[in-house]
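Okay, structure first, notes after.
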Amino acid sequence: MKKRNYLIAGNWKMNGTLGSLREVIELDKALNNPEIELVLCLPATIIHPAVKKVLSTHLRIGAQNCHHHQEGAFTGDVSAKMLKDIGANFVIVGHSERRQAYGETSELVKEKASAVINEGLMTIICVGETEEQKNNSQTEEIVCAQVKKSMPNAANEKNTVIAYEPIWAIGTGKVPSLDDIKKIHGSIRSLLGKIKGEDVSQRMRILYGGSVKPGNAKDIFCLEDVDGALVGGASLKAADLVEIAKYAQVY
C-alpha cells in the first residue's frame with residue numbers, strides 16, 4: 001500500500017495582522033522535514049507579506065476561501081486568480097463555518113474547488129456532520145454525500161485534499177473516538193476509490209480536523225487513513241503547531 005506524505009494545515013480564521021508574521025517566521029525556521037508538508041491558511045490581508053517572509057520549501061501559504069468566479073462585480077470577494085497572483089498555494093473551501101454561517105451548499109463548494117484547481121492551486125475541501133446528525137447516526141451518510149457533491153470532476157491527488165472536520169468538535173475540545181475517526185476516514189477512502197479509482201484514492205490525502213492538539217495528535221496520526229490535520233486555534237502559535245507536526249511521520 002502506497003503511503004502518503006503528511007500535510008499539516010493551519011487555519012488562522014479571522015485572526016492575524018502584520019505583527020503576527022513573527023509566528024510565520026518562527027514556523028518557517030522550525031520545520032525542515034521534507035516528508036511533512038505544512039501550509040498556513042491566513043487572512044487575505046497578510047497572505048502576500050507572509051509569502052515574502054517564507055524562505056524554506058517546507059512551508060506554504062494558503063487562503064481560507066475564494067469566490068467561484070475569476071473576476072466580476074462581486075464587491076468584497078477575492079478570486080482564486082487573485083490569490084494565486086499574491087503567492088497563495090492552497091485554498092480551503094467548504095469549511096463548516098462557511099457552510100453554516102453563509103449558507104454555502106456543496107454545489108457552491110464544488111464550483112469554488114473547480115476555480116481553485118483551474119488556477120493550478122491545491123484545494124482543501126472540508127466536510128463534516130453536526131452534533132445532531134452524529135446523534136442520529138447519520139455521520140457516514142452526511143460526510144460521504146458532501147464529498148460526492150463537493151468534489152469536482154478534475155479533482156485528483158495532485159490538486160485536492162479532503163478534510164474531515166466534525167462540526168461539533170471544532171473549537172470545543174471534543175474529539176471523536178479513534179475508532180470513529182478511523183471508520184469515517186476509511187469510508188471516505190472507499191468512496192474516493194469508487195469515484196476516482198483506486199490509484200487516486202490511495203494517493204489523495206485525507207486530513208482530520210477538530211480540536212487537534214499535541215496531546216492527541218500522535219494517536220490520530222497513527223490511524224491508517226489519516227494523512228495529517230487541519231488545525232484551527234492551535235495553529236496561531238508556531239510552537240503549538242510545531243508540537244503537533246512533530247508527531248507526523250511517513251509510516
Determine yes or no for a side-chain-to-main-chain donor-acceptor pair under 3.5 angstrom, with [X] supplying the side chain and [Y] the backbone.
X	Y	value
S235	G232	yes
N159	A154	yes
S190	G186	no
D28	S56	yes
D219	N216	no

At their closest point, which heavy atom of [X] faces which heavy atom of [Y], and how far apart are they?
X	Y	value
G173	S211	N-OG, 2.8 Å
I244	V212	CD1-O, 3.8 Å
C126	I92	SG-CG2, 3.7 Å
C66	S79	CB-C, 4.2 Å
P152	I125	CD-CD1, 4.1 Å
A155	T160	CB-OG1, 3.3 Å

| message | If only side-chain N and O atoms count, and only distance matters, is there a donor-acceptor pair under 3.5 Å linking E140 with S187? | response |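 There is such a pair between these side chains.
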| request: Run the numbers on K81 and N118 for side-chain hydrogen bond (donor to acceptor under 3.5 Å, both in side chains), then give the verdict. | output: CA-CA 9 Å; K81 180 180 179 180; N118 288 341; over 6 Å; no
Are [Y] and [X] connected in a single hydrophobic cluster, I mean Ile/Leu/Val/Met/Phe/Trp/Tyr linked by side-chain heavy atoms less than 4.5 Å apart?
X	Y	answer
I47	L38	yes
L27	I61	yes
V39	V242	no
L108	I167	no
I124	I195	no

| request: Provide the full list of ring-ring contact (aromatic ring centres under 6.0 Å, His included) pairs with a residue in residues 81-102, sequence neighbours left out, each pair given once. | output: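 For residues 81-102, and leaving out neighbouring residues, there are no ring-ring contact (aromatic ring centres under 6.0 Å, His included) pairs at all.
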To the nearest 0.5 Å, how far apart are [atom1] in [X] and [atom2] in [Y]?
X	Y	atom1	atom2	result
I188	D225	CD1	CG	9.0 Å
N156	M151	CG	CE	10.0 Å
E243	K237	CD	NZ	15.5 Å
I36	Y247	CD1	OH	12.5 Å
I184	L191	CD1	CG	11.5 Å
I162	L230	CD1	CG	12.0 Å

| request: Evaluate the criterion side chain to side chain contact (heavy atoms under 4.5 Å, CB included) for residue pair L59 and V24; output intermediate values, then yes/no. | output: CA-CA 9 Å; L59 176 62; V24 178; 4.2 Å; yes
Report yes if the side chains of [X] and [Y] come closer than 4.5 Å at any heavy-atom pair, otherwise no.
X	Y	value
D240	P214	no
V175	Y208	yes
V109	R99	yes
V161	M122	yes
L7	L207	yes
V200	L192	no
M14	Q64	no
L223	L178	yes

| query | What pairs with S114 under side chain to side chain donor-acceptor pair (under 3.5 Å), at least two apart in sequence or on another chain? | reply |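 Counting only residues at least two positions away or on another chain, S114 forms no side chain to side chain donor-acceptor pair (under 3.5 Å).
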Whether [Y] and [X] form a salt bridge (side-chain N of Lys/Arg under 4.0 Å from carboxylate O of Asp/Glu) is what I want to check.
X	Y	value
E37	R205	yes
K112	E104	yes
R189	D227	yes
E131	K174	yes
E129	K134	no
R203	D199	yes

| query | Can you list every side chain to side chain donor-acceptor pair (under 3.5 Å) pair that touches residues 10-26, not counting sequence neighbours? | reply |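 The answer is K13-E97.
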| request: Determine, step by step, whether I181 and V226 satisfy the side chain to side chain contact (heavy atoms under 4.5 Å, CB included) criterion, reporting the C-alpha distance in whole Å, the side-chain angles of both residues, the deciding distance to 0.1 Å, and the verdict. | output: CA-CA 8 Å; I181 295 173; V226 175; 3.9 Å; yes
| Test side chain to side chain contact (heavy atoms under 4.5 Å, CB included) applied to Q100 and T130, step by step | CA-CA 10 Å; Q100 291 192 304; T130 65; 3.9 Å; yes
| What orientation do H185 and Y164 show, parallel under 30°, tilted 30 to 60°, or perpendicular over 60°? |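 Perpendicular.
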| query | Does CD in E132 sit with more than 12 non-hydrogen atoms of other residues, nucleotides or ligands closer than 6.0 Å? | reply |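 At most 12 heavy atoms, drawn from other residues, nucleotides or ligands, come within 6.0 Å of this atom.
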| query | Can you check side chain to side chain contact (heavy atoms under 4.5 Å, CB included) on K110 and H68, steps first, answer last? | reply | CA-CA 9 Å; K110 181 178 181 178; H68 56 287; over 6 Å; no
